[in-house]
S.K.: 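Sharing a structure, written as structure tokens. Questions coming.
Only heavy atoms go into these numbers, but all of them, side chains included; no hydrogens, no water, no symmetry mates.
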Protein chains: 2
Amino acid sequence: MEILTEKKARITDIATRLFREKGYAATSMRDLAQAVGIEAASLYSHVKSKEEILSRICFSLADAFFEAQHHALQPDDAAPAALRKAVEAHVGVVAAHLSASGVFLHEWRHLSEPSLSRFRELRQQYENHWLMLLRRGKEEGVFHYEDEAIAVRHILSALNWIYDWYKPNGRYSVEQLSAHISKLIIQGIQ
Amino acid sequence: MEILTEKKARITDIATRLFREKGYAATSMRDLAQAVGIEAASLYSHVKSKEEILSRICFSLADAFFEAQHHALQPDDAAPAALRKAVEAHVGVVAAHLSASGVFLHEWRHLSEPSLSRFRELRQQYENHWLMLLRRGKEEGVFHYEDEAIAVRHILSALNWIYDWYKPNGRYSVEQLSAHISKLIIQGIQ
DNA sequence: CCTACCGATCGGTAGG
DNA sequence: CCTACCGATCGGTAGG
């Protein structure tokens with residue numbers, strides 16, 4: 001985890017919220033500066049460019065997804081337990097970073113090369129982890145689905161959209177949410 | 001269905017693709033004009049504003065979702081059959097309008113009032129249709145889920161993300177795709 | 001459908 | 001972290 005100065009962390013946090021609400025392209029550095037409480041030109045003492053902020057948001061969250069999954073899984077888990085843990089880990093990251101998840105999912109295409117390619121590769125790699133999980137369950141005879149690519153997309157779609165509707169102070173805790181979601185998903189393939 | 005002149009329809013089609021690829025805010029009227037093959041100022045002989053184009057894309061697709069669902073459902077369908085038909089109708093619309101679906105899902109927030117509120121209401125209304133469907137299945141004793149709001153979001157998430165990965169000329173026809181998806185969804189709540 | 005153009009705003013820099 | 005400012009680009013209009 002990269003260490004940021006307090007001010008830079010604050011700028012990144014506020015930018016995350018603005019990029020999620022208005023979109024990256026429609027958020028100006030002047031919008032961001034006003035929300036932070038300084039002049040637009042002063043932002044450049046803390047960040048190199050607007051894109052540097054976007055890049056940090058996207059790659060930090062990618063890190064978080066990998067790390068959470070890595071910590072959740074044990075090599076000797078049976079496939080259904082592993083899938084449930086992976087779902088809980090993913091939901092946990094999304095729920096803890098709702099705005100960043102929205103930016104991660106939609107604004108990454110405003111990255112320029114080489115960040116853009118690197119981002120796409122990380123995403124592909126993460127999807128492959130899920131694919132392996134599903135395959136393992138199929139080989140164990142406990143998962144049933146006709147097409148693994150569709151099944152993976154189906155699962156990640158359900159997990160990713162959570163950022164768009166989950167209310168952290170609403171009816172359900174993150175634990176309850178991920179329990180509900182993993183039940184819907186796992187029943188779908190069992 | 002509103003009738004557009006051939007040129008206006010062409011402008012809307014090209015704008016749909018650009019808005020989906022680059023985002024609404026990052027697509028300039030000059031980008032659009034170049035893709036159409038005229039000067040930027042000439043666009044304004046055909047459309048009132050950039051937002052008018054966005055508005056048309058969003059509300060046309062909303063119409064398509066309502067219409068497809070209305071045509072698919074019969075009042076005397078049992079809940080599982082109705083859910084399957086509703087899934088097929090929704091997937092059919094998304095698959096037939098992949099770029100427009102992306103715009104519909106992500107760019108609507110660039111609408112200004114009163115379009116913005118009207119759009120939100122339509123979306124809420126459509127979600128309510130799905131809620132009713134699920135409730136009916138629960139009352140019939142054939143659907144099982146712990147929270148109806150989560151179940152609806154779960155289903156629509158899986159259906160909506162299709163725009164992001166489905167390849168019309170790939171391995172699966174729309175019919176095969178929606179059959180796979182509806183199986184994953186319906187098994188999840190049965 | 002074009003040329004010519006408007007005021008506003010953009011990301012970013014110079015220099016302190 | 002600020003004032004002052006840059007060239008580029010934005011959505012849109014006038015007038016033909």
S.K.: Starting at the 5' end of DNA chain D, write a dot or bracket for each base, bracketing those in Watson-Crick or G-U wobble pairs whose two distances are under 3.5 Å and using | for partners on another strand.
M.R.: ||||||||||||||||
S.K.: Once you round it to whole Å, what is the distance between P of D/dG11 and CG of B/Leu54?
M.R.: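 Rounded to the whole Å, the gap is 13 Å.
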S.K.: Decide if atom CD of B/Glu67 counts as having more than 12 heavy atoms of other residues, nucleotides or ligands within a radius under 6.0 Å.
M.R.: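 No, because the 6.0 Å sphere around CD of B/Glu67 holds 12 heavy atoms or fewer from other groups.
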S.K.: Which part of the nucleic acid, if any, lies within contact of A/Lys48, taking any heavy atom under 4.0 Å across all strands shown: a base, the sugar-phosphate backbone alone, or nothing?
M.R.: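 Here A/Lys48 touches no strand at all.
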S.K.: Between atom NE2 in A/His46 and atom P in C/dG12, what is the gap in whole Å?
M.R.: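 After rounding, the gap between these two atoms is 16 Å.
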S.K.: Expressed as a whole number of angstroms, how long is the span from B/Gln34:CD to C/dC1:C1'?
M.R.: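 Taking CD of B/Gln34 and C1' of C/dC1, I get 17 Å after rounding.
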S.K.: Are A/Gln69 and A/His129 close enough that a side-chain donor and a side-chain acceptor fall under 3.5 Å?
M.R.: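 Their side chains do contain a donor-acceptor pair, which is all the 3.5 Å distance test asks for.
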S.K.: Look at B/Arg84 together with B/Glu88 and state whether they make a salt bridge at an N to O cut-off of under 4.0 Å.
M.R.: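 Yes, charged N to carboxylate O under 4.0 Å.
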S.K.: Give the rounded distance in Å between these two atoms: CE of B/Met29 and P of C/dC1.
M.R.: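 The answer, rounded to whole Å, is 14 Å.
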S.K.: Figure out the CG/P separation between A/Asp31 and D/dC10, and round it to whole Å.
M.R.: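 In whole Å, D/dC10 P lies 17 Å from A/Asp31 CG.
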S.K.: Go through it in stages, so that I can follow the logic: the residues are B/Phe65 and B/Phe104, the test is ring pair (Phe, Tyr, Trp, His ring centres under 6.0 Å), and I'd like the CA-CA distance, side-chain angles, deciding distance and then a yes or no.
M.R.: CA-CA 11 Å; B/Phe65 283 124; B/Phe104 175 90; 5.3 Å; yes
S.K.: Would you check if there is a donor-acceptor pair between the side chains of B/Glu113 and B/Ser117 at a distance under 3.5 Å?
M.R.: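 Checked: B/Ser117/B/Glu113 side chains pair up, N/O donor to acceptor below 3.5 Å.
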S.K.: For A/Lys22 and C/dT9, give me the distance from atom NZ to atom P, rounded to whole Å.
M.R.: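 My rounded result for the distance is 12 Å.
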S.K.: Just checking A/His110 against A/Phe19, ring centres under 6.0 Å apart?
M.R.: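 No, too far apart.
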S.K.: Taking 4.0 angstrom as the limit, do B/Asp147 and B/Arg153 come out as a salt bridge?
M.R.: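 No.
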S.K.: Grab the OH-P distance between A/Tyr44 and C/dT13 for me, whole Å please.
M.R.: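 One finds 7 Å between P of C/dT13 and OH of A/Tyr44, rounded.
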S.K.: Does D/dC10 have OP1 or OP2 under 4.0 Å away from a side-chain N or O of B/Ser28?
M.R.: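 It does, given that an N or O in the side chain of B/Ser28 lies less than 4.0 Å from OP1 or OP2 of D/dC10.
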S.K.: Quick one: do the A/Asp31 and A/Ser28 side chains pair a donor with an acceptor below 3.5 Å?
M.R.: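 Per modelled atom types, A/Asp31 and A/Ser28 side chains form a pair under 3.5 Å.
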S.K.: Could you list the protein-to-nucleotides 2-5 of chain C atom pairs, N/O on both sides, closer than 3.5 Å?
M.R.:
unit_1 : atom_1 : unit_2  : atom_2 : d
C/dC2  : OP2    : B/Glu39 : N      : 2.7
C/dC2  : OP2    : B/Ser42 : OG     : 2.5

S.K.: Do B/Arg123's NZ or CZ and the ring of B/Trp108 fall within the cation-pi criteria of under 6.0 Å and 45°?
M.R.: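 Yes, B/Arg123 and B/Trp108 form such a contact.
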S.K.: Whole Å only: how far is the CG atom of A/Leu43 from the C1' atom of C/dG11?
M.R.: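 The answer, rounded to whole Å, is 11 Å.
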